[in-house]
Asker: 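This is the structure I have questions about; it appears just below.
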Amino acid sequence: MTIFSVHSTIFSRASVVLLSSNGFKRFSFASSFSSTAVYSPRLPKVKKQRRYPIVSAVDIGGVTIARNDVVKDDDPTNNVPDSIFSKLGMQLHRRDKHPIGILKNAIYNYFDSNYAKKFEKFEDLSPIVTTKQNFDDVLVPADHVSRSLNDTYYVDPQTVLRCHTSAHQAELLRKGHSRFLVTGDVYRRDSIDSTHYPVFHQMEGFCVFSPEDWNESGMDPTLYAAEDLKKCLEGLARHLFGSVEMRWVDTYFPFTNPSFELEIYFKEDWLEVLGCGVTEQVILKQSGLENKVAWAFGLGLERLAMVLFDIPDIRLFWSSDERFTAQFGKGELGVKFKPYSKYPPCYKDISFWISDAFTENNFCEVVRGIAGDLAEEVKLIDKFTNKKGMTSHCYRIVFRSMERSLTDEEVNDLQSKVRDEVEKKLNVELR
């Protein structure tokens, strides 16, 4: 299923927030969609800055994908930078000693123990999918903001980097799979702070029922699926978090009805764990499943791993520093991360007059393209509109390395490049 709070699927989240900065609730059990514009191929194309080494090819599931097939410098509809292409194939969820892999395996253990051999597992499906798979097959409206170049990484007008693991749902159903877990890396253009990153990991669960399943219970099929779903996920929450208080919250997703969010009372606050619901009948019928009902859930692995392992910054999941990686072992769920150092932050402000086409996601993408993971946070600290109707934004950029102290010289160089690229790419006037 698809969802977004630290990034999840359309049912889950990759960030620890419920609403995007513009107030749109993200669709996805594990994550949501944010933004304000619909896909348009007419954005100005500027040659991409490269802070990252150029990776010529990556291997995904034994298939080699060339850079030029994903990063198309001369295609105005392509917005995939080298920094994102370099993450393809890294698959943190398949590393048994990494917090993401440890959490994934813990969820697998729950399903293996309680539903022996009933759920198939898929974790090596290509993240390059069609717009039909990513949007249409899960009933995302044609004019929904999630289809925007501002939110989604487009390879070309018909191909994207998946925004959620739900992109594989219809294909698996058509191939005859009726109960499955899909885990994978997903991609979304987003803000810069400690809980958001343009690449994160989601898991989706899907379960189909036939008339013989609910007829024995004497229950309405939709009610039967909803009750089975809640029982399953309450058990999963206890498996991960222990004996905790839980509550179900009614919500809305375009692909399920009814739809729910599961919250637990953890560390003296209510925490959203995942999103879920009973699958819309049109999805099943389009996949050739008549007279069936199904449930689906989605969760964001980073979101839960940050809570379970006490990891304060989402960038740490991508660190190769042994002071981070050596703290975790196979099967060790909930080992608390011990901070090894906190290097000083460097603050830089930038102000400019914006145009009507300006979006914060595009600004953050420029900053990430130059500073990479040295950009810890980008925050709007001031805005105003003058008598001529011109609007000014002032952003504070926090630069900080997780591994060393930054010098004034390199921070000034990064800021200078940001100023140049912002003016060049985003059609703004620096102040």
Side-chain angles (χ1 to χ4, degrees), residues 4-8 12-18 20-21 30-31 51-52 83-84 86-87 90 92-93 95 97-104 185-202 266-267 269 271-272 299-328 332-348 360-361 363-365 367-381 395-406 410-411 414 418:
F4 287 358
S5 209
V6 164
H7 297 73
S8 316
S12 71
R13 302 174 185 261
S15 69
V16 190
V17 293
L18 292 178
S20 61
S21 58
S31 36
R51 171 179 175 80
Y52 293 84
S83 58
I84 294 299
S86 68
K87 297 292 194 295
M90 293 188 69
L92 301 184
H93 61 286
R95 302 182 185 186
K97 296 182 180 180
H98 189 282
I100 299 299
I102 295 169
L103 175 57
K104 179 211 69 177
D185 42 321
V186 298
Y187 299 79
R188 196 164 306 145
R189 302 173 90 234
D190 214 332
S191 54
I192 298 177
D193 59 37
S194 63
T195 64
H196 291 81
Y197 201 78
V199 190
F200 52 102
H201 298 78
Q202 296 179 348
F266 189 72
K267 295 184 178 179
D269 199 4
L271 170 71
E272 181 187 333
L299 56 84
L301 294 175
E302 275 86 348
R303 170 179 172 75
L304 299 185
M306 290 182 78
V307 173
L308 288 165
F309 293 94
D310 282 353
I311 294 173
D313 193 314
I314 197 170
R315 295 176 298 166
L316 282 164
F317 289 116
W318 298 92
S319 176
S320 58
D321 192 318
E322 288 188 1
R323 291 173 294 179
F324 176 78
T325 59
Q327 293 192 36
F328 309 101
E332 297 178 354
L333 181 68
V335 170
K336 303 307 179 186
F337 169 68
K338 297 180 177 62
Y340 42 85
S341 189
K342 185 82 169 180
Y343 294 99
C346 301
Y347 302 93
K348 292 290 182 180
E360 190 168 299
N361 273 4
F363 175 58
C364 289
E365 197 72 11
V367 175
R368 272 202 182 99
I370 292 167
D373 286 353
L374 297 182
E376 179 176 87
E377 183 179 32
V378 171
K379 185 177 182 180
L380 179 66
I381 60 173
Y395 287 92
R396 176 155 295 158
I397 305 174
V398 182
F399 296 100
R400 182 185 346 226
S401 170
M402 295 178 288
E403 299 171 356
R404 61 184 178 83
S405 293
L406 300 177
E410 62 184 322
V411 171
L414 291 172
V418 168

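FYI, side chains are in, hydrogens and waters are out, and symmetry mates aren't considered; it's all heavy atoms of this structure. Count residues from 1 along the sequence. Bear in mind the structure is a predicted one, so any value in this text is a computation, not a measurement.
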Asker: So do V418 and I397 actually touch side chain to side chain, heavy atoms under 4.5 Å?
Answerer: yes
Asker: What distance do H98 atom NE2 and I102 atom CD1 have between them, rounded to the nearest 0.5 Å?
Answerer: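 Reported to 0.5 Å precision, the distance equals 8.5 Å.
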Asker: Going from CE on M402 to OG on S341, what distance comes out if it is rounded to the nearest 0.5 angstrom?
Answerer: 12.0 Å
Asker: For the residue pair P198 and R368, establish whether any side-chain heavy-atom pair is separated by less than 4.5 Å.
Answerer: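 Heavy-atom side-chain distance check passes, below 4.5 Å.
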Asker: Could you list the residues that satisfy side-chain hydrogen bond (donor to acceptor under 3.5 Å, both in side chains) with E376, not counting sequence neighbours?
Answerer: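 R315, R400.
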Asker: R396: what forms a salt bridge (charged side-chain N to carboxylate O under 4.0 Å, His left out) with it, not counting sequence neighbours?
Answerer: D349
Asker: Does S319 have any side-chain contact (heavy atoms from CB on, under 4.5 Å) partners at least two apart in sequence or in another chain, and if so, which?
Answerer: D321, F324, Y340, E403
Asker: Calculate, to the nearest 0.5 Å, the distance between atoms NE2 and CG belonging to H201 and L92 respectively.
Answerer: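 Rounded to the nearest 0.5 Å, the NE2-CG separation comes to 4.0 Å.
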Asker: Check whether any side-chain heavy atom of W318 sits under 4.5 Å from a side-chain heavy atom of Y197, and report yes or no.
Answerer: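 Sidechains of Y197 and W318: in contact.
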Asker: For K267, give me all partners under side-chain hydrogen bond (donor to acceptor under 3.5 Å, both in side chains), at least two apart in sequence or on another chain.
Answerer: D310
Asker: Check whether any side-chain heavy atom of E332 lies under 4.5 Å from a side-chain heavy atom of K97, and answer yes or no.
Answerer: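 Of all side-chain heavy-atom pairs linking K97 with E332, none is under 4.5 Å.
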Asker: Quick one: are E302 and I100 in side-chain contact, heavy atoms under 4.5 Å?
Answerer: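 With C-beta onward as the side chain, the pair touches.
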Asker: Who pairs with P312 by side-chain contact (heavy atoms from CB on, under 4.5 Å), at least two apart in sequence or on another chain?
Answerer: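 P312: side-chain contact (heavy atoms from CB on, under 4.5 Å) contacts with L316, F337.
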Asker: For K336, which residues count as a salt bridge (charged side-chain N to carboxylate O under 4.0 Å, His left out) partner, sequence neighbours excluded?
Answerer: none
Asker: For L406 and Y343, what are the C-alpha separation, side-chain angles and deciding distance, and is it a side-chain contact (heavy atoms from CB on, under 4.5 Å)?
Answerer: CA-CA 8 Å; L406 300 177; Y343 294 99; over 6 Å; no
Asker: My understanding is that only residues two or more places apart in sequence, or in another chain, count here; which of them pass side-chain hydrogen bond (donor to acceptor under 3.5 Å, both in side chains) with Y395?
Answerer: E360, H393
Asker: Evaluate the side-chain proximity of P99 to F317: yes if any heavy-atom separation is below 4.5 Å, no if none is.
Answerer: yes
Asker: Does L103 have any side-chain contact (heavy atoms from CB on, under 4.5 Å) partners at least two apart in sequence or in another chain, and if so, which?
Answerer: I107, L240, L301, L304, A305, L308, L333
Asker: What is the distance from atom OG of S83 to atom CD1 of I370, rounded to the nearest 0.5 Å?
Answerer: 11.0 Å
Asker: F309 and V335: which non-hydrogen atoms are nearest, and at how many Å?
Answerer: CD2-O, 3.1 Å
Asker: Just wondering, do M90 and R95 contact through their side chains at under 4.5 Å, heavy atoms?
Answerer: yes
Asker: Does the Q327 side chain pair with the main chain of K338, one donor and one acceptor, at a distance under 3.5 Å?
Answerer: yes
Asker: Among all residues two or more places apart in sequence or in another chain, which pass the side-chain contact (heavy atoms from CB on, under 4.5 Å) test with V307?
Answerer: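 V307 satisfies side-chain contact (heavy atoms from CB on, under 4.5 Å) with F241, F266, L271 once adjacent residues are dropped.
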Asker: Tell me every residue that passes side-chain hydrogen bond (donor to acceptor under 3.5 Å, both in side chains) with K348, counting only those two or more places apart in sequence or in another chain.
Answerer: N412
Asker: On a heavy-atom basis, which atom in A375 and which in I192 lie closest, and how many Å separate them?
Answerer: O-CG2, 3.6 Å
Asker: Enter the distance from N361:CG to S191:OG here, rounded to the nearest 0.5 Å.
Answerer: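 Between N361 CG and S191 OG, I get 7.0 Å after rounding to 0.5 Å.
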Asker: State, yes or no, whether a side-chain contact exists between F200 and D185 at a heavy-atom distance under 4.5 Å.
Answerer: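 A side-chain contact is absent here, since even the closest heavy-atom pair is not under 4.5 Å.
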Asker: When you measure from the side chain of H93 to the backbone of K104, do you find a donor-acceptor pair of N or O atoms at a distance under 3.5 Å?
Answerer: no
